Amino acid sequence: QVQLVESGGGLVQPGGSLRLSCLVSGSRLNFNAMAWYRLAPGKAREFVAAIRWSSDSPFYGDSAAKGRFTIARDTTKNTGYLQMNMLQPEDTAVYYCAAGLVGDQIAIAADYRYWGQGTQVTVSS
């Protein structure tokens, strides 16, 4: 199986930045992509970004975070990242990293079999 451990969440003022990290362990036979989702109170789960493990080309959802967030991965460290800049109060949510085997579509939530525990990001003054 695949295990994911997230870190980097916390409290930040509007306009600030955070970098979330996701350490992944497990066989490459079980995942070829990593994604970030977020869940805000009273809202549906939202796709943020995804990246194939063998590719350096990111894919972003139709989120208000597009243009402010950047997804990346360092395969030598077995770690994925979500760099979040110019954070706004509406970005407040629990952020989850996920890994799985994807096909030609990279943003299908059901394809992400393994999920991290989530890390809280709170943007407030």
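Computed from a predicted model, the values in this text were never measured in an experiment.
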*Using modelled atom types only, decide if a donor and an acceptor are shared between the side chain of N32 and the backbone of V102 within a distance under 3.5 Å.*
yes
*Parallel, tilted or perpendicular: rings of Y37 and Y112 (30°, 60°)*: perpendicular
*With the side chain counted from C-beta on, respond yes when D91 and R38 share a heavy-atom pair under 4.5 Å apart, and no when they do not.*
yes
_Heavy-atom count check: over 12 atoms from other residues, nucleotides or ligands less than 6.0 Å from D62 CG?_
no
*Non-hydrogen side-chain atoms of Q120 and T92 separated by less than 4.5 Å*: yes
*Nearest 0.5 Å please: distance from the CE atom of M34 over to the OH atom of Y114.*
13.0 Å
*Rounded to the nearest 0.5 Å, how far does CZ of R52 lie from CZ of R73?*
12.0 Å
*Mind checking whether F47 and F59 have parallel, tilted or perpendicular rings, split at 30° and 60°?*
tilted
_Rounded to the nearest 0.5 Å, what separates atom OG in S55 from atom CD1 in I106?_
7.5 Å
*Side chains of F69 and L87: does their closest heavy-atom pair fall under 4.5 Å?*
yes
*Do N78 and L23 come within less than 4.5 Å of each other through their side chains, counting heavy atoms only?*
yes
*Over 12 non-hydrogen atoms of neighbours within 6.0 angstrom of CD in Q117*: yes
*Say you draw a straight line from OH of Y95 to CD of E6; how long is it, rounded to the nearest 0.5 Å?*
12.0 Å
